[in-house]
Each structure stands twice: as structure tokens, then as C-alpha cells.
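Notes to accompany the following structure.
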Number of protein chains: 2
Amino acid sequence: MLTQTMITESPRRPASKAARGRPPVEAQPLGGSIELMGACLSFARNVEIYGEGETAEYLYKVVSGTVRTSKILADGRRQIGAFYLPGDMFGLEMGEEHTFSAEAIADAKVLVIKRSAVTALAQRDSDVAHELWTLTGRELHRVQEHVLLLIKTAQERVAGFLLEMAQRERESNEVELPMSRQDIADYLGLTIETVSRTLTHLAATAVIEVPSSRRIVLRNRAALARLNG
Amino acid sequence: MLTQTMITESPRRPASKAARGRPPVEAQPLGGSIELMGACLSFARNVEIYGEGETAEYLYKVVSGTVRTSKILADGRRQIGAFYLPGDMFGLEMGEEHTFSAEAIADAKVLVIKRSAVTALAQRDSDVAHELWTLTGRELHRVQEHVLLLIKTAQERVAGFLLEMAQRERESNEVELPMSRQDIADYLGLTIETVSRTLTHLAATAVIEVPSSRRIVLRNRAALARLNG
DNA sequence: CGACCATTTGATATGGATCAAGCGATGTGG
DNA sequence: CCACATCGCTTGATCCATATCAAATGGTCG
């Protein structure tokens with residue numbers, strides 16, 4: 001069994017701190033008509049936003065911070081389904097229940113939108129319906145990519161992960177990782193030690209630089225892409 | 001690199017043989033309004049239905065036989081995305097291109113539906129739109145389950161696969177596997193040898209019975225479910 | 001400063017991959 | 001009708017990537 005990060009239910013901190021370190025989200029083409037009608041909530045680091053199995057009453061959009069969705073298997077192993085950065089929507093479900101749980105990785109602000117309102121709107125407005133569908137389709141695509149990651153070697157997974165993260169934080173070579181090594185490991189289906197060793201190895205071969213554990217510089221993108229398979 | 005099954009582009013055989021061995025498909029609640037407007041095509045074993053990267057002009061519904069979707073990685077490894085049995089729809093894409101290719105595993109008949117017709121219809125009819133969305137959502141759920149399979153041990157993957165297949169062929173304990181060991185291996189992210197060994201082991205421990213290589217009897221579902229994690 | 005985490009590093013174990021035969025069906029040509 | 005090639009599958013022996021177990025390091029906060 002893998003060692004799990006203990007989820008410490010730390011008390012909510014004031015929202016003022018949550019927006020730190022990431023620019024405000026510009027209006028997205030997707031969700032343009034949706035995002036108007038939600039309330040904005042703050043969640044402190046490691047606080048659960050919703051739990052697996054709870055009824056899916058809302059869908060969410062990250063304003064600041066980072067959110068992870070995860071699932072705990074019977075024997076305690078944890079699988080992380082996705083990381084959501086500012087601008088990403090999450091929590092949209094087809095069934096009545098959330099199939100994963102969601103937690104804030106760093107203090108996060110999320111826009112909360114009532115599901116019933118959106119689906120009702122979608123019934124009349126085919127554009128909204130199309131947006132919802134697109135959202136699900138995008139998610140599908142992401143998960144398919146995730147499957148492709150999981151059949152690869154440790155190096156390839158880590159390389160793929162870094163490229164994925166780099167792609168998302170505006171095409172820079174500096175990647176700020178908001179999640180712990182354990183989170184990365186549980187996302188990639190590896191152990192924390194293997195993730196660490198692989199990063200060390202990539203650094204040793206000058207493919208990346210690791211100035212601090214949560215900050216990574218991509219020195220040789222081509223090599224990473226090659227490793228990615 | 002994994003050894004790949006050679007895809008022999010055998011010539012199309014007459015459709016009469018394709019329906020063998022599986023009862024005709026009853027009308028599904030989903031797709032009720034969609035399936036009326038398609039043509040029915042036949043594909044021989046191992047014939048490609050569409051290729052990765054081709055423009056997604058149609059979506060498909062399996063009438064008889066079995067279809068697999070797959071992707072070949074740069075180094076030759078193959079990942080199978082899904083197996084589609086009679087009644088299942090596949091090939092629905094959000095983008096303009098197919099992200100996987102699709103081949104018939106056994107001689108198959110598939111209903112072919114023009115994408116543009118469906119999306120046009122969806123624009124006016126919110127029920128059709130909802131059907132499309134549901135279809136994508138169901139697919140998303142399947143792929144999420146696939147991810148969960150891929151982080152498990154070989155035993156757990158094979159057990160999970162068998163349960164999945166059993167669930168789909170009307171809740172019987174007899175599972176007829178239409179796909180080869182190589183297909184199963186590429187679906188589960190294992191080698192053909194490991195799949196074979198695992199099945200042998202499950203048979204040795206009386207969890208299953210393997211009267212012929214393509215036919216499996218689940219003797220102890222509880223044990224399988226336990227192995228499934 | 002000292003306690004507590006997260007992360008790295010090291011030593012060893014192991015599950016599954018790889019390499020290599022063997023086996024049983026199915027089909028083909030002599 | 002039988003010898004023989006072929007193909008899909010199984011079985012065996014060995015190797016290696018990653019897990020596991022254990023300890024050291026380093027950063028953060030009271």
C-alpha cells in the first residue's frame with residue numbers, strides 16, 4: 001500500500017491570501033455565458049470542496065489557486081484524476097453524484113454555479129448546451145491523455161507531466177508546481193521516491209533545473225518531448 | 001518495445017458472416033432517435049473502420065461483432081482505448097479529427113451516422129443534444145474507470161477486465177472474449193505473457209475456468225471483485 | 001533553537017518485462 | 001490423408017524498473 005498524505009483539515013483562512021501568486025483570470029471563450037451567475041467561494045489548502053459520492057449540486061470554476069480531484073481505492077491507494085488551474089472548470093457530472101472528490105491544493109477561490117440552473121438553461125439555449133458538451137468532451141480528451149501517460153515508463157510520465165504543466169502556465173519555461181510530490185506521484189501512478197529520483201535524474205542530465213522543490217525550469221524541451229514518447 | 005499483432009488487411013468478406021454468434025441488438029433508450037438515419041456497413045476482422053487523424057465525418061453504432069479503438073505511440077507501443085460491443089456507440093469526437101483509430105476485432109456490422117446531420121439536429125432538438133452529451137459523458141466515465149485499472153497490479157487489472165466484460169454480456173458467468181490476448185494486454189497496459197500467466201493463475205486458484213482460450217467462466221465472482229481492489 | 005514536514009538519497013526486494021521455447025489448433029499443399 | 005507451416009497462446013528462465021524500507025537532509029514555523 002502506498003503511503004498517503006494525511007489530509008489535515010486546517011481551518012479556513014481569510015480569502016485575501018488565496019489569490020496570491022497568480023494573475024486574475026481573464027474571460028474565457030468557454031463559460032462566457034455561464035460564469036456570470038455564480039458565487040465565489042474560498043477554500044484553504046487541503047480543504048475538501050466536495051466528496052466522492054456526494055450529490056453533484058454545483059459545478060465549479062477555478063479563479064485562483066489549484067484544485068485536485070481524487071479517488072481513494074478500497075486499500076487506501078489514491079488516484080488523482082486531474083489538477084485544475086485558474087480558468088479550468090471542474091465538478092461537472094453526468095450522473096447525480098460526484099465520482100471523485102475535490103480538494104484545494106493551494107488556497108483557492110472558486111466560482112460556484114448551480115447545476116440545475118445551467119442544465120435548465122441548456123435545455124432552451126443550444127449554445128449553452130454546446131458549451132456543456134464541449135466541456136465534457138475536453139475532459140474526456142484530458143483523461144484519454146492521462147491513460148496514455150499511465151502506460152509509459154517513469155521517465156516518460158514525469159516528462160509528460162512537466163510538459164503538460166508547462167503548456168498550461170502560459171508557454172513559459174518556468175513551471176511553478178502547486179502540488180506536492182505525493183500529489184504528482186498519485187497522479188502519475190508512481191511513488192513519491194520515483195518521482196523525486198526521476199526529477200533528480202532529469203536535472204543531472206541538464207534537461208531541467210530544480211531551483212526549489214516546487215519550481216522547475218525546462219532547460220531542454222526537445223529532450224523532454226523525446227522522453228515523452 | 002512490445003511485439004505488435006500484425007494487422008493483416010484481409011479483403012472484405014460478405015456481410016452475411018458478420019452477424020454470427022451474437023443476437024440482434026434491441027432498440028436502446030439512448031440513440032433511439034439517432035439510429036434511424038444511418039446506413040449499415042460490414043467490416044471484416046482486423047479491417048480499419050477509421051484511422052487516427054482522419055476527419056471525423058461519422059459516428060458509429062455496433063450492430064454485431066466487436067470493435068476496438070487504439071492508438072499507436074511513436075515507439076510502436078499500442079494502447080487500446082476501448083472495446084465496443086453490440087449496442088455501443090463509438091467514434092463521436094469533439095474536434096474535427098478522430099483521436100484514435102477503430103478496427104473490427106471480429107467481423108462486424110456497424111451503423112454509420114453522418115456527424116453533421118446529428119449536430120445539426122442537436123442544435124434544434126435539445127433532446128438530441130442531451131443524448132450526445134450523455135454519450136460523451138458515458139465515455140468519460142468509462143475512460144476514468146480505465147485510468148483506475150491502469151494503476152493496479154496485473155491481477156487486479158485482469159480481474160477488473162473480466163468483470164467489466166462479464167457485466168456487459170448480459171449478467172452471465174460465461175464470458176466470450178472476442179479479442180486476442182494481445183488486445184487484452186494492450187488494453188490493460190501489460191504484456192501478453194503476463195495476461196496469460198495471470199489467467200492461468202486465476203484458473204489454478206479456481207476463481208475462473210478457461211475451457212477454451214476465448215471462453216472464460218467466472219467461478220468465483222466474489223474473489224474476482226476482491227482482487228479488483 | 002527545535003519540532004515537524006516535505007523531499008531527497010540509499011539499499012534491497014519484487015512484480016512484471018523480456019527473451020526463448022514449447023504446444024495445440026487450424027489450414028495448406030503434396 | 002498426412003506432413004508441415006502458421007498462428008495464437010502458454011510456459012519457463014532471467015533481468016530490470018520501480019516499489020519498498022530506511023535514513024539523512026532541508027525548509028518552515030512556532
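Keep in mind that this is a model prediction, so the values were computed, not measured. Per chain, numbering begins at 1; letters A, B, ... match sequence-line order.
Put simply, Thr194(B) has no side-chain N or O that comes within less than 4.0 Å of OP1 or OP2 on dG16(C). OP1 and OP2 of dG8(D) both lie 4.0 Å or more from every side-chain N or O belonging to Ser213(B). For Arg214(A) and dT7(C), the shortest distance from a side-chain N or O to OP1 or OP2 is below 4.0 Å. OP1 or OP2 of dA17(C) sits under 4.0 Å from a side-chain N or O of Thr191(B).
Counting only heavy atoms from C-beta on, Leu190(B) has its side chain closest to dG16(C) among dC9(D), dG16(C), dT7(C). Listed nucleotides dT7(C), dC9(D), dA17(C) differ in distance to Ser196(A); the shortest reach to its side chain belongs to dT7(C).
Under 3.5 Å, the side chains of His201(A) and Gln155(A) contain a donor-acceptor pair of N or O atoms.
Side-chain atoms of Arg197(B) and base atoms of dT18(C) include a donor and an acceptor less than 3.5 Å apart. Glu193(A) contributes a side-chain N or O that forms a donor-acceptor pair with the base of dC21(D) under 3.5 Å.
Among Arg77(A), Arg78(A), Lys71(A), the single residue meeting the side chain to side chain donor-acceptor pair (under 3.5 Å) criterion with Asp186(A) is Arg78(A). Of the residues listed (Leu177(A), Leu218(A), Ile184(A)), the one engaging Met165(A) in a side-chain contact (heavy atoms from CB on, under 4.5 Å) is Leu177(A), and it is the only one.
Atom-to-atom, NE2 of His201(A) to P of dT7(C) comes out at 21 Å; the value is rounded to the nearest Å. What separates CG of Leu188(B) from P of dA17(C) is a distance of 10 Å, to the nearest Å. Leu202(B) places its CG atom 13 Å from the P atom of dT11(D), with the value rounded to the nearest Å. Here the C1' atom of nucleotide dC19(C) and the CD1 atom of Ile192(B) are 14 Å apart, to the nearest Å. Distance, Asp183(B) CG to dC9(D) C1': 13 Å, rounded to whole Å. To the nearest angstrom, P of dA17(D) lies 14 Å from CZ of Arg157(A). When the C1' atom of dC23(C) is taken as reference, atom CZ of Arg181(B) falls 15 Å away, rounded to whole Å.
Ring geometry for Tyr60(B) versus His98(B): interplanar angle of 30 to 60°, hence tilted.
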Item checked: side-chain hydrogen bond (donor to acceptor under 3.5 Å, both in side chains) between Tyr50(B) and Glu97(B), intermediate numbers included -> CA-CA 10 Å; Tyr50(B) 56 77; Glu97(B) 293 186 357; over 6 Å; no
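Across all strands shown, Thr200(B) has heavy atoms under 4.0 Å from sugar-phosphate atoms exclusively, and none from any base. As judged by a 4.0 angstrom heavy-atom cut-off over every strand, Thr153(A) is placed among residues touching the sugar-phosphate backbone only.
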